[in-house]
Participant: 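Shown below is the structure under consideration.
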Amino acid sequence: MDWKDTLNLPKTDFPMKANLTEREPLFLAFWEERAIYKKMLEKRKGAPLFVLHDGPPYANGHIHLGTALNKILKDIIIKSRTMMGFQAPFIPGWDCHGLPIELNVERELNVKRGELPPLQIREACRKYAERFINIQREEFKRLGVFGDWSKPYLTMDPEYEAVIAREFLRFLETDQVYRRKKPVFWCPTCVTALAEAEVEYEPHESPSIYVKFPLTTETINFLERELKLVLDKPTFVVIWTTTPWTLPANLALALNPEFTYLLIELEGEYLIVAEGRLSALCVELGIDLPKILARFSPTLLEGKKAKHPFYERESLFVLADFVTLDTGTGIVHIAPGHGEEDYLVGLKYGLEIYTPVDEEGKFYPDTPLVGGLTLSKANEIILSELSNRGLLFRSGRITHNYPHCWRCKKPIIFRAEYQWFISMEAKALRTKALNALKNVKFIPSWGINRIQSMLESRPDWCISRQRVWGVPITVFKCESCGEILKDYKFYEKVIELFKKEGTDIWFTLTPEELLPENAKCPKCGGTVFSKEKDILDVWFDSGVSFAGVLERREELTFPADLYLEGSDQHRGWFQSSLLCSVGTRGVPPYKMILTHGFVVDGKGRKMSKSLGNVIHPQDLIKKYGAEIVRLWVSAEDYRDDIKISQEILDRLVETYRKIRNTCRFLLGNLYDFDPERHLIPFEKLPPFERYLLHCLSQSLNKIKRAYENFEFHLVTYEIHRFCSVELSSLFIDINRDYLYCEAPDSFKRRATQTVLYYALDTLVKTMAPILSFTAEEIWQNLPYSKGDLESVFLADLPDYDFQLSEEELSFWKNTLLLREEFLRALEIARKDLKIIGSSLEAELYYFPVEEYRSLLRDHAFWEYFLMVAKFEEVPDLEDPLFVSDEIKGLKISIRKTQYKKCERCWQRRPEVGTLENPELCYRCLEVVKEISK
RNA sequence: GGGCCUAUAGCUCAGCUUAGGUCAGAGCGCACGCCUGAUAAGCGUGAGGUCGGAGGUUCGAAUCCUCCUAGGCCCA
């Protein structure tokens, strides 16, 4: 007879091989058809809300591993919070406006800026954004990310655009917005401002001149007093520049507060340079080391003045960190209208942002000396003027990297233009924002330091862009007196129109059409107005998402519980959102900020095309399935940089297989188990089963705590560890005999199945937020009733808590310790002596330590627990096979058993061969009798 | 160049902060062996780390301090 037919072997349709690539789309379709996301929310109607607000990715290009990681983390949170009993909606969004799209569109249409009417560009941009939104939406959905994909928020939706404009007006109304000049990259050839992304650095030959600025008499007198010397010769500071044409705009001279400066005597004059540059300068200029008259700190000169080299005005000495010793003299000529750093230091010292250069790169006609000239012509004139005045210390030419326009490839300049700003100080926005942060929880905790220090030092927020793809800065200006209309009543009509038709109308309608009837300037009564041409910085678009989404969607609330983005957003979205919210609402838009690191390769280096180490999520999905990508996201500690490599992927695949297989075994052995009828209460379970449920509870608690704290790598670790350690190699290995060989409805088998049932229930639910596809697949293969829960995501995380007494725990601690020692002995018998293969062939003899004697008394238990033929205590062991290190005094010997093997259960028992059926052991004989009844 | 952060076995992580003191742990992988009724599975045993480096504080440091190196993010 083939006894195999009398065994309860596992039965399940759940395949061992996952085939994720092929099967995942089936579950995506299942979730979509059954509207599981919607049902998740419906089921938790009235439950406490958990609002995770999605930071909008930019609608440009395909998703990469970073965006995939971000969305998967969000998805894990949404699913886990839902299963913890929260109502956790997820409204994904996209950032649609802005320069990168506008530039790509210009490139696709092969046009330069301004060649097409704004509306035509805007329409093309809208199409472009829509295209990538659709691409990214499918890519996100493919990852198994749940959310309201049919109604995402788009910053280019008319309603959202109206919100952006409305929020801008709140700043305007409250006097937090002002206009001021600020230098920007400027192409005089194309007659346009350029963004950083439109600038290319190319070698370029420029003049290289050293210019002497005479000190004012007052400064000379001051220095004579301070340094106690007589300046009886002409005294100058020396600067170096490659842009002589910026000298007409010179307003200051910057020294580094950290350096020491020298007064030297050279060629019959006194000169001031930085000490750290002197020797290099001498080499460069081919002169001998000059006589040093004095050394002094630059703070001495701060606030003092020099004379402009060719104008009748003065130039202020200022201090600035950015002055270096790499080139020049350690003294930098400052033209606040023509350089970023110059501008900032100019602001600090209250200098004018002075720009005598027009849009086409010519000096304004009223500029002395160079009026009406081009920059290169002005360079020549300035050089000869300096030379005539004897102030050109040295002159040459230099080839260096210089910014060029990416369109026309011509050199560009820095030139100040009027820009709109949100003031950090006008209404104490900086202070309010810093205070507001104190109520925000940061994960990791150092996030607050980072955003704080950025906030403390950031300049006013420049919110204007000279572009077309964006939300217009809705400002009307009185043509007669220049007054800016700030009252919201002038803009109500505009906002209403925006809501209905989008912001195109700002470009098409006249101010008269946009303003309310009979609008009058409150200052002069004028009735003719102009409208602003600039658009808003896209950071403002996304910065007001709390107003466009949290406050407007009925399923959400303001403020959000959580914002979750990469750590680069401390400067970006977290900050723009904070400023927008604090500036208009007085509170931050979030209660918690969670940041993750960046995806790097196995060696910790960033992914780049040049390094050739870029991994695309699309390839991973194709090769492994989205599930492995999800597992990767969960297994890594996202607070640091997140590594990915072939080895990491290989390990993850192994981890996945182990979890999957363990669940498959559980499914297969529960085929005839109905928890309603067969579940055995914890109190009545045998000790080992009780111990296992205790372990399961411990794991479950760890997992729930980890979800609570957003520590998903601990979840994955614990699930995997529990599967391999407690379940697979301990419980299943030992109790498999009960499952297969005992009578189907026997206590031992049902007790074992009770443990398997709890284990599977816990595994399938706790893995669901991470291994969503597999959890759903398991759920659909459950052999017992799922009640009315058609998807695992409609279930809650389990909440059982099986606890053992101290005595029981200590019993199991010692029992498992002893087991390890016996297993070591068995391994020696197997590997070195080769007297056994399976432990079932072994007879085990031990000489105990008194301390453990009582634990070992139940020989039948140990035979079962160690899966050996015989377990016996002996008075002493002369020549033991194994002497324990861990348990001093414990000696063990092993013999191959002479017992015959039961053909049904394969155990070696003394009675085999003596019973009415000689092939069977006593247990199996009884079982066979029972099942044949 | 500045600010913030990270660095524990081949891999992923514990341990480090509001306690500095058991031979530094786990899982996986690896090696070797077993099983063949979870089988492109399962089980066992074992080998792997001077806790990035160098100083310092301390009776004692992976844990505290300083510097350095490598890497990341954001600025310049």
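In what follows, every chain begins at residue 1, and chains take the letters A, B, ... in the order their sequences are listed.
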Participant: Is the phosphate of B/A14, meaning OP1 or OP2, less than 4.0 Å from a side-chain N or O of A/H713?
Facilitator: yes
Participant: Using whole Å, what does the distance between atom C1' of nucleotide B/A41 and atom NZ of A/K658 come to?
Facilitator: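 It works out to 9 Å between those atoms.
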Participant: In whole Å, what separates the C1' atom of B/U63 from that of B/G21?
Facilitator: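 The same atom, C1', in both gives a distance of 11 Å.
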Participant: Categorize A/G604 for me: base, sugar-phosphate, or nothing, with a 4.0 angstrom heavy-atom threshold over every strand shown.
Facilitator: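 If one applies the 4.0 Å heavy-atom cut-off, A/G604 turns out to touch the sugar-phosphate alone, with no base involved.
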Participant: Just checking A/R904: base, sugar-phosphate only, or nothing, at a heavy-atom cut-off of under 4.0 Å?
Facilitator: base
Participant: Rounding to a whole Å, what distance do you find between A/F598:CZ and B/A7:C1'?
Facilitator: 19 Å
Participant: Find the distance A/F722:CZ to B/C28:C1' and express it as a whole number of Å.
Facilitator: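 So the CZ-C1' distance, A/F722 to B/C28, works out to 18 Å.
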Participant: For A/N661, report the nucleic acid contact type (base, sugar-phosphate, nothing); a contact means any heavy atom under 4.0 Å.
Facilitator: base
Participant: So what does A/K606 touch, heavy atoms closer than 4.0 Å: a base, only the sugar-phosphate, or nothing?
Facilitator: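 A/K606: backbone/sugar contact only, no base atoms under 4.0 Å.
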Participant: Check every strand shown and say whether A/T655 touches a base, only sugar-phosphate, or nothing at a heavy-atom separation below 4.0 Å.
Facilitator: nothing
Participant: Answer yes or no: side-chain N or O of A/R664 and base N or O of B/A41 forming a donor-acceptor pair under 3.5 Å.
Facilitator: no
Participant: What is the nucleic acid contact for A/E341, judged by heavy atoms within less than 4.0 Å: base, sugar-phosphate only, or nothing?
Facilitator: sugar-phosphate
Participant: What contact category does A/L652 fall into here, base, sugar-phosphate, or nothing, at under 4.0 angstrom with non-hydrogen atoms?
Facilitator: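 If one applies the 4.0 Å heavy-atom cut-off, A/L652 turns out to touch nothing in the nucleic acid.
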Participant: Looking across every strand, which nucleic acid part, if any, lies under 4.0 Å from A/K603 by heavy atom: base, sugar-phosphate, or nothing?
Facilitator: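 Here A/K603 touches no strand at all.
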Participant: Can you tell me if A/R830 touches the phosphate of B/C43, counting only side-chain N or O atoms and a distance under 4.0 Å to OP1 or OP2?
Facilitator: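 No, no such contact exists.
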Participant: Output the rounded distance in Å from CH2 (A/W632) to C1' (B/C28).
Facilitator: 19 Å
Participant: I'd like to know if A/S728 reaches the base of B/A38 with its side chain such that a donor and an acceptor end up less than 3.5 angstrom apart.
Facilitator: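 Counting by modelled atom types and ignoring angles, a donor-acceptor contact under 3.5 Å is found here.
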Participant: Would you indicate what A/E726 reaches in the nucleic acid, counting non-hydrogen atoms under 4.0 angstrom: base, sugar-phosphate, or nothing?
Facilitator: nothing
Participant: Between B/A14 and B/C64, how many Å separate the two P atoms, rounded to a whole number?
Facilitator: 16 Å
Participant: Quick one: do A/R824 and A/E821 make a salt bridge, cutoff under 4.0 Å?
Facilitator: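 Here A/R824 pairs with A/E821 in a salt bridge, since their nearest N and O are under 4.0 Å apart.
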Participant: Are OP1 or OP2 of B/C28 and a side-chain N or O of A/Y656 less than 4.0 angstrom apart?
Facilitator: no
Participant: Applying a 4.0 Å non-hydrogen cut-off, can you work out what A/G668 is touching in the nucleic acid: base, sugar-phosphate, or nothing?
Facilitator: nothing
Participant: Classify A/L7 by what it touches in the nucleic acid, base, sugar-phosphate, or nothing, heavy-atom distance under 4.0 Å.
Facilitator: base
Participant: At under 4.0 Å between heavy atoms, what does A/C741 touch on the DNA or RNA strands: base, sugar-phosphate, or nothing?
Facilitator: base
Participant: A/N669 has an atom CG; how far is it from atom C1' of B/G42, in whole Å?
Facilitator: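 My rounded result for the distance is 13 Å.
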Participant: Please confirm whether A/F731 and A/Y691 have ring centers closer than 6.0 angstrom.
Facilitator: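 They do not qualify: ring centres at least 6.0 Å apart.
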Participant: What is the distance, to the nearest angstrom, from the CG atom on A/D640 to the C1' atom on B/U6?
Facilitator: 5 Å
Participant: Locate the shortest heavy-atom distance separating A/P459 from A/L344; write the atom from each residue and the value.
Facilitator: CB-CD2, 4.4 Å
Participant: Between B/G48 and B/G29, how many Å separate the two C1' atoms, rounded to a whole number?
Facilitator: 11 Å
Participant: Taking O4'-C1'-N9-C4 for purines and O4'-C1'-N1-C2 for pyrimidines, is B/A19 syn (within 90° of 0) or anti?
Facilitator: syn
Participant: Checking all strands, does A/S839 fall into the base, sugar-phosphate, or nothing category for heavy-atom contacts under 4.0 angstrom?
Facilitator: nothing
Participant: Expressed as a whole number of angstroms, how long is the span from A/I894:CD1 to B/C34:P?
Facilitator: 16 Å
Participant: So what does A/R736 touch, heavy atoms closer than 4.0 Å: a base, only the sugar-phosphate, or nothing?
Facilitator: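 It contacts base atoms.
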Participant: Under the 3.5 Å rule, do the base of B/C73 and the side chain of A/R450 count as making a donor-acceptor pair?
Facilitator: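 Between B/C73 and A/R450, which were checked side chain against base, a qualifying N/O pair under 3.5 Å is present.
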Participant: Between the base of B/A14 and the side chain of A/Y717, is there a donor and acceptor pair under 3.5 angstrom?
Facilitator: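 Under the 3.5 Å cut-off, the side chain and the base do not form any donor-acceptor pair.
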Participant: Can you tell me the distance, in whole Å, between the CZ atom of A/F322 and the P atom of B/G1?
Facilitator: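 A/F322 atom CZ is separated from B/G1 atom P by 18 Å.
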